[in-house]
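Below you'll find the structure I mean.
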Amino acid sequence: MTDYTPRPDRFDRAGQPQLIDAHDLEVTQPGVRALGAWTHERLGLRPGDSALDIGSGTGSEVFTFADAVGPRGTAVGVEPDPDLLASATRRATERGSTATFVSGDAYGLPFGDNTFDAVLCERVFQHLTAPARAATEIARVLRSGGRAVVVDADWATAIIHPGVPEVARAVIDTLISSTTNPFSGRRLAGLLTDAGLTVDEIGSHALVQDRTIGAGALVNRIADLAVLRGTVTPEARDQLLTDLHEAAARGHTHISVTVFATLAYKK
């Protein structure tokens, strides 16, 4: 899975206050590995292929691509954040990897039409105000027969347990209203279809926070935001966090979100 941390200059300026990322859930490694394995199996990279990762962060997926396509292939990451771009480039040099990284974003990929055999775009669409533009760009740079996997969360599937149900619901609603494109996961197939691609398969996996952690960084942050917005009282917030903390001591918490991965190809 792409190992970025969201930063204000990665995504739309309009979405800066709403940056939410599935990594904030402190997801368990089995869930991450399962979805990653699904993605790589569906992309099916072979020696000599050309592969692109949009929003490549510090480059982990691109390094995997480079290993799969070999010296005759091409593995490229596109990343708008200059610090992450520099980190990925440095890591490629240290590893002796053929992976390369270029500055760019999902709205204007710096490549010609029909360039890549495979494209990955993971947990970027939820931050975009115009995701259809990004879907069109993916379709444009894919070659005929090329395949794309687009991965994103659907924050309406978030679960916070235990706690007073009405308070937990208010916190989840705050999370949804604070995300630029919170229902991205369910919309991926339609966006890719409208862009001219053929959807072949949809996979999913629940990313589940370690049940012994308690509220965790995401719930703490969003609960504070709910108080600021007046949808939850400070007392209700404190009780929710206490309930989660006490339940964690017994291994009884459940905090999760479902992430969807859509496989599509270009005829």
Check: Will you find, in the side chains of Thr58 and Arg91, an N or O donor that is under 3.5 Å from an N or O acceptor?
Finding: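 A pair is found: one side chain offers a donor N or O, the other an acceptor, under 3.5 Å apart.
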
Note to self: Here's one to test your reading of the geometry: is the NZ or CZ of Arg187 within 45 degrees of the ring axis of Phe125 and under 6.0 Å from its centre?
What the structure shows: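 No; the conditions do not both hold, so Arg187 does not lie above the ring face of Phe125.
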
Next item on the list: State yes or no: do Val149 and Val259 share one hydrophobic cluster built from I, L, V, M, F, W and Y residues joined by side-chain heavy-atom distances below 4.5 Å, directly or via other members?
Entry: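 Yes.
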
Notebook entry, point to check: Does the Thr157 side chain pair with the main chain of Val257, one donor and one acceptor, at a distance under 3.5 Å?
Noted result: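 Not at all, since once roles are kept as given, no pair shorter than 3.5 Å links the two residues.
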
Notebook entry, point to check: Do Leu85 and Leu120 share a hydrophobic cluster, counting only Ile, Leu, Val, Met, Phe, Trp and Tyr and linking them when any side-chain heavy atoms are less than 4.5 Å apart?
Noted result: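 Unlinked, Leu85 and Leu120 end up in two clusters.
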
Check: Do Glu79 side-chain atoms and Ser103 backbone N/O form a donor-acceptor pair below 3.5 Å?
Finding: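 No; judged by distance alone, with no hydrogens or angles, the pair does not exist.
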
Check: Are Val219 and Ile159 connected in the hydrophobic side-chain network, where two residues link if heavy atoms are under 4.5 Å apart?
Finding: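 Different clusters.
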
Checklist line | Side chain Lys266, main chain Leu197, donor-acceptor under 3.5 Å | finding: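 Side chain of Lys266 to backbone of Leu197: no pair is present.
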
Notebook entry, point to check: Does Thr39 reach the main-chain N or O of Leu35 with its side chain, forming a donor-acceptor pair under 3.5 Å?
Noted result: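 Yes; judged by distance alone, with no hydrogens or angles, the pair exists.
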
Check: Is the backbone N or O of Ala130 less than 3.5 Å from a side-chain atom of Tyr107, with the two atoms forming a donor-acceptor pair by type?
Finding: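 Confirmed, Tyr107 side chain pairs with Ala130 backbone.
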
Checklist line | Identified side chain to side chain contact (heavy atoms under 4.5 Å, CB included) partner of Ile160 from the options Ile172, Thr253, Asp243 | finding: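 With Ile160 as partner, Ile172, Thr253, Asp243 yield a single side chain to side chain contact (heavy atoms under 4.5 Å, CB included), made by Ile172.
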
Check: Do any N or O atoms from the side chain of Arg95 and from the backbone of Phe63 form a donor-acceptor pair under 3.5 angstrom?
Finding: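 No: the side chain of Arg95 does not pair with the backbone of Phe63.
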
Margin query: Show me the pairs that pass salt bridge (charged side-chain N to carboxylate O under 4.0 Å, His left out) and involve residues 130-155, at least two apart or across chains.
Written below: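 Found Asp49-Arg147, Asp113-Arg140, Asp117-Arg143, Glu137-Arg140, Asp154-Arg186.
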
Check: For the side chain of Ser144 and the backbone of Lys267, is there at least one donor-acceptor N/O pair under 3.5 Å apart?
Finding: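 Such a contact is found between Ser144 side chain and Lys267 backbone.
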
Margin query: Whether the side chain of Thr231 engages the backbone of Val227 through a donor-acceptor N/O pair (distance < 3.5 Å, no angle test) should be reported.
Written below: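 It does not hold such a pair.
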
Next item on the list: Mark yes or no for whether Ser97, through its side chain, and Ala99, through its backbone, hold a donor-acceptor pair below 3.5 Å.
Entry: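 Judged by distance alone, yes, a pair lies under 3.5 Å.
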
Next item on the list: Just jot down the side-chain hydrogen bond (donor to acceptor under 3.5 Å, both in side chains) partners of Thr212, sequence neighbours excluded, or say none.
Entry: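 Only Asp210 meet the side-chain hydrogen bond (donor to acceptor under 3.5 Å, both in side chains) criterion with Thr212.
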
Next item on the list: Would you kindly say whether His254 and Gln209 are connected by a side-chain donor-acceptor distance under 3.5 Å?
Entry: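 Per modelled atom types, His254 and Gln209 side chains form no pair under 3.5 Å.
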
